[in-house]
Q: 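Let me give you the structure first, and then I'll get to my questions.
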Amino acid sequence: MSTLQNDLIILHAPSVYDFRTHPSFFGPVADLVPATPIFDIYPLGFASIGEYLERHGFYVRIVNVANLMLHSASFNVERLIASLNPKSFGIDLHWMPHCQGAIELARICKKYHPDIPVIFGGHSSSVFHEELLSEYPEIDFVLRGDSTEEPFRQLLTALTTPHTDASTGSGGLFASATDLRAVQNLSWRDASGDVVINDITYSPEDFNLPSLDFSYNMKAVIRYRDMLGASPFEQFMREPASAGLVCRGCKNNCATCGGSATTYRKYLGRKKIAFRDPELVARDVAHSSKFIPGLIFILNDPLQGGPAYFEELIRQLGTYKLHKPVAFEFFAPPTPDQLALMAEQLDDWSIEVSAESHDDEIRHKFGKGQYTTAELEANIKLALELGINRYDVYFMTGIPGQGVESVRASAQYLRRLYEINNNDKRIFPFISPMAPFLDVGSRVFDNPQDFGYRLKAHTVEEHRQLLLEPSWKHIMNYESLLLPTDEFADLVYETAHITNDIKEDVGVTSPEAARIVRERLRQSQATMRKIDQLRALPAAEYQRGLDEMGQEILDGSQPILFETLDEGWVNRPTFANFAACFKLWLVENLLLTLTFGHHHAKSTLTRSHSA
């Protein structure tokens, strides 16, 4: 185990700190949040940042504080933070639902380590970088953009270089002002407390430099003897999964998306999408699959790279004979030839398409007008004929142009998807609310009135206060003028009942399971209404009522409807997985012993020219 001081410890916070003493009722939101409703899954960038920095001589540790808190009611966050002594802390504010927990974690870092700099990064940090630095003194630096591996290296170099032109510690600079001005994409405070904004000048044209090597995380487990802290999300040990990322940026411009082309250009400095070579994507997932059983998810729609890019990726994946489920995120249905290619090259493949609405006109307004519902139906039918494992179709409640009848029609449309495909159980349609937040930096967030919305929160602090609300209905940062909040909330439950009934009718859900879902939906809606009634009481009575509802609120934050999300994907580890992990354990421990803990957990996947 390494005894060296870490140059950087990256911390991942829960959505709300401390959710164990301040529970929120997530209701239907619990069904659609990755991992758990406290957003315990950390960004893929953690691994690529850590590996890149260690490749350049820095020691980096990842600590998933949210996961540690989930696993133990007695886990003491402050004791952990106090015991750490890195040269810098990094905290992600990638998704806005983390803004309450992330800033509270920064405050704890400063409470015990006032002279250690705290660095924020992530999409939401890029949108709110000025506010974060001007309103929250516990945050010292914000790295902006979607590719912060190299700017992070520059910043750590500046922070670890002795300097004489500035004081150190809280309220002063941690590095030479001259050095800090040279760090690309950095926002920071100078000695007088003024916010300085360096230009976003680092936005690589391709996505080949970082190494997306999931074994890096496993090496960190070996080095620090910390399985839970390094785990990407709470369910990882039960439902292990890995991912391949084809690009940074996006060609689409969906109205409510904080990862749209407009958002990337306006806030992240990316004018052109950056692709990862198909051979590298395939190599990434093949290498990860040696250690991690279960699903491999190819993210960010490889069709954005064009037909030739897609074909090369699928053929590269085919050469590895993965024998693992591979799921693809598509923004529009692939062509018949592309479906046939997946069927030819992959023995277990799945597709996810976010259709948003059954209505072509609404989908067009949303920013996905490149296909029709009829074309989607034909695509599903062909994919089923070609042997697809599962076809997920997502519909959303609350997007621009939707009224009550439109949402109901989308929910009822799920029945048609089954009827035209002989009730094939490989179809997994879902409809869920756009929650808990409308994405900051999206076109709708920046111009809500143009799309028929009223925002309930504009600043970081306003979002932080919303997250402290006890009910999902009041946590939402927006209200559609076509669907006022009360009507919207009831409609969410109505569509959930419709979905449950349809899945029972076609046999996707058993009668007993459907009965349980039905009852839990009723209980969830009753809990929401009880909280609404408490809000009208004086503060003391309101708080007393919430305290009495403690267990009911916790019960209402468990997934209800989407019990089939993982159905069809095999997660059983193989002997080859065990053998690869054991070999990794032996090699890493040997290297740590021989180097007296000085061994860097570098990836073996980096290209020689990028090291």
Q: For the residue pair K368 and S354, what are the closest heavy atoms and their distance?
A: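 Heavy-atom minimum between the residues: NZ-O, 2.9 Å.
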
Q: Is the shortest side-chain N to carboxylate O distance from E356 to K365 below 4.0 Å?
A: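 Looking at E356 and K365, the cut-off is not met.
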
Q: Of D284, N208, D206, which is the lone residue that meets side-chain hydrogen bond (donor to acceptor under 3.5 Å, both in side chains) with R276?
A: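 With R276 as partner, side-chain hydrogen bond (donor to acceptor under 3.5 Å, both in side chains) holds for just one option, D284.
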
Q: So, for P433 and V492, which heavy atoms are closest and what is the spacing to 0.1 Å?
A: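 Smallest interatomic distance, heavy atoms only, reads CB-CG2, 3.7 Å.
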
Q: Find out whether L209 and P204 are in side-chain contact, i.e. whether some heavy atom of one side chain is under 4.5 Å from a heavy atom of the other.
A: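 L209 does not reach P204 side chain to side chain.
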
Q: Restricting to non-hydrogen atoms, name the atom on G145 and the atom on T148 that form the minimum distance, rounded to 0.1 Å.
A: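 In terms of heavy atoms, the two residues are closest at O-CG2, 3.9 Å.
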
Q: For a side-chain contact (heavy atoms from CB on, under 4.5 Å) check, start with the C-alpha distance between I116 and L84, then their side-chain angles and the critical distance, and finish with the verdict.
A: CA-CA 11 Å; I116 296 179; L84 301 174; over 6 Å; no

Q: Counting only N and O atoms by type, is there a donor-acceptor contact under 3.5 Å from the side chain of H129 to the main-chain atoms of I197?
A: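 A pair under 3.5 Å: no.
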
Q: Under 3.5 Å, side chain of E462 to main-chain N/O of T459, donor-acceptor pair present?
A: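 Side chain of E462 to backbone of T459: a pair is present.
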
Q: Is any side-chain heavy atom of F128 less than 4.5 Å from a side-chain heavy atom of F120?
A: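 SC-SC contact between F128 and F120 ruled out.
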
Q: So, Q5 and Y59: side-chain donor and acceptor under 3.5 Å apart, yes or no?
A: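 Judged by distance alone, the side chains do not pair up.
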
Q: What is the distance from atom CG of L8 to atom CZ of F152, rounded to the nearest 0.5 Å?
A: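 Separation between the atoms: 4.5 Å.
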
Q: Ignoring hydrogens and angles, tell me if any N or O in the side chain of D179 forms a donor-acceptor pair with the backbone of A158 under 3.5 Å.
A: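 It does not hold such a pair.
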
Q: Restricting to non-hydrogen atoms, name the atom on L143 and the atom on P151 that form the minimum distance, rounded to 0.1 Å.
A: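 Minimum heavy-atom contact is CD2-CB, 3.9 Å.
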
Q: Count the heavy atoms belonging to other residues, nucleotides or ligands that lie under 6.0 Å from CG of D199, then report whether that count exceeds 12.
A: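 Check fails, neighbour count at 12 or below.
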
Q: Heavy atoms, side chains only, cut-off 4.5 Å: are E461 and I103 in contact?
A: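 The answer is no, as the side chains (C-beta and beyond) never meet within the 4.5 Å cut-off.
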
Q: May I ask you to check whether Y264 and H123 place their ring centers less than 6.0 Å from one another?
A: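 Ring-ring flag for Y264/H123: true, centres closer than 6.0 Å.
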
Q: Between the side chains of E54 and R223, is the shortest nitrogen-to-carboxylate-oxygen separation below 4.0 Å, so that they form an ion pair?
A: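 The answer is yes: the pair qualifies as a salt bridge.
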
Q: If you count the non-hydrogen atoms of other residues, nucleotides and ligands that lie under 6.0 Å from CD in E541, is the total more than 12?
A: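 Result for CD/E541: enclosed.
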
Q: Specify whether F46 and Y42 have parallel, tilted or perpendicular ring planes, treating 30° as the upper limit for parallel and 60° as the lower limit for perpendicular.
A: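 Aromatic pair F46/Y42 classed parallel.
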
Q: Side chains of L212 and F207: closer than 4.5 Å at any heavy-atom pair?
A: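 Yes - at least one pair of side-chain heavy atoms lies under 4.5 Å apart.
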
Q: May I have the step-by-step check of side-chain contact (heavy atoms from CB on, under 4.5 Å) for D439 and T256, ending in yes or no?
A: CA-CA 6 Å; D439 286 358; T256 65; 5.9 Å; no

Q: To the closest 0.5 Å, what do you measure between OG (S83) and CG (L80)?
A: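 Answer rounded to 0.5 Å: 5.0 Å.
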
Q: If you define the side chain from C-beta out and look only at heavy atoms, does anything of H22 sit under 4.5 Å from D18?
A: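 The answer is no; the side chains never approach within 4.5 Å.
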
Q: Decide yes or no on side-chain contact (heavy atoms from CB on, under 4.5 Å) for N6 and Y224, but give the supporting numbers first.
A: CA-CA 11 Å; N6 290 105; Y224 300 109; 2.7 Å; yes

Q: List the steps and the verdict of side-chain contact (heavy atoms from CB on, under 4.5 Å) for D226 and I62.
A: CA-CA 10 Å; D226 182 11; I62 295 170; over 6 Å; no

Q: Distance from M528 atom CE to K473 atom NZ, nearest 0.5 Å?
A: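 Between atom CE of M528 and atom NZ of K473 there are 4.5 Å.
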
Q: Has D7 got a side-chain atom pairing as donor or acceptor with F58's backbone, closer than 3.5 angstrom?
A: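 Judged by distance alone, no pair lies under 3.5 Å.
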
Q: For the side chain of S471 and the backbone of H474, is there at least one donor-acceptor N/O pair under 3.5 Å apart?
A: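 Not confirmed, S471 side chain does not pair with H474 backbone.
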
Q: From the options L68, L70, V65, select the one residue that forms a side-chain contact (heavy atoms from CB on, under 4.5 Å) with D40.
A: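 Among L68, L70, V65, the one that satisfies the side-chain contact (heavy atoms from CB on, under 4.5 Å) with D40 is L70.
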
Q: When you measure from the side chain of E479 to the backbone of T485, do you find a donor-acceptor pair of N or O atoms at a distance under 3.5 Å?
A: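 It does hold such a pair.
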
Q: Rounded to the nearest 0.5 Å, what separates atom SG in C250 from atom CG in D146?
A: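 The SG atom of C250 sits 11.5 Å away from the CG atom of D146.
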
Q: Using a distance-only test with no angle check, is there a side-chain donor-acceptor pair under 3.5 angstrom linking Q184 and Q154?
A: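 The criterion, which ignores hydrogens and geometry beyond distance, is satisfied for Q154 and Q184.
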
Q: With a 4.5 Å heavy-atom cut-off, do K87 and T160 have their side chains touching?
A: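 Yes; the side chains approach each other to less than 4.5 Å.
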
Q: Take R443 and D450 through the salt bridge (Lys or Arg N to Asp or Glu O under 4.0 Å) test and state the conclusion after the steps.
A: CA-CA 9 Å; R443 291 191 292 140; D450 293 346; over 6 Å; no

Q: Looking at F39, is its backbone amide N or carbonyl O close enough to the side chain of H98 to form a donor-acceptor pair, meaning the two atoms are under 3.5 Å apart?
A: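 Yes: the side chain of H98 pairs with the backbone of F39.
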
Q: Indicate yes or no for a side-chain donor-acceptor contact from N198 to the backbone of L180 under 3.5 Å, with no hydrogens or angles considered.
A: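 Pair found, side chain donor or acceptor close to backbone of L180.
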
Q: Do H12 and D92 have side-chain N/O donor and acceptor atoms under 3.5 Å apart?
A: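 Their side chains do contain a donor-acceptor pair, which is all the 3.5 Å distance test asks for.
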
Q: Are L159 and F141 packed together at the side-chain level, in the sense that at least one heavy-atom pair is separated by less than 4.5 angstrom?
A: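 With C-beta onward as the side chain, the pair touches.
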
Q: Does Q100 offer a backbone N or O that forms a donor-acceptor pair with the side chain of R464 under 3.5 Å?
A: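 Side chain of R464 to backbone of Q100: a pair is present.
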
Q: Classify the angle between the aromatic ring planes of H458 and F445 as parallel (below 30°), tilted (30 to 60°) or perpendicular (above 60°).
A: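 Ring orientation of H458 relative to F445: tilted.
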
Q: Testing the basics here: between M476 and M434, what is the closest heavy-atom pair and its distance to 0.1 Å?
A: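 The answer is SD-O, 4.3 Å.
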
Q: Search all heavy atoms of F275 against all heavy atoms of C247 and return the closest pair with its distance.
A: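 Taking F275 first and C247 second, the nearest heavy atoms are CD2-CB, 3.7 Å.
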
Q: Just wondering, do I475 and L467 contact through their side chains at under 4.5 Å, heavy atoms?
A: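 Result yes, sub-4.5 Å side-chain heavy-atom pair found.
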
Q: For the CZ atom of F451 and the CG atom of D446, what is their distance to the nearest 0.5 Å?
A: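 CG of D446 is found 9.5 Å from CZ of F451.
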
Q: Output the distance between atom OG (S125) and atom CE (M96), rounded to the nearest 0.5 Å.
A: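 Output value for this atom pair is 8.5 Å.
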
Q: Please check: side-chain N/O of N185 versus main-chain N/O of Y202, any donor-acceptor pairing under 3.5 Å?
A: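 Flag set: sc N185 to bb Y202 pair under 3.5 Å.
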
Q: Inspect the contact between E149 and R248 and indicate whether a charged nitrogen and a carboxylate oxygen are less than 4.0 angstrom apart.
A: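 Looking at R248 and E149, the cut-off is met.
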
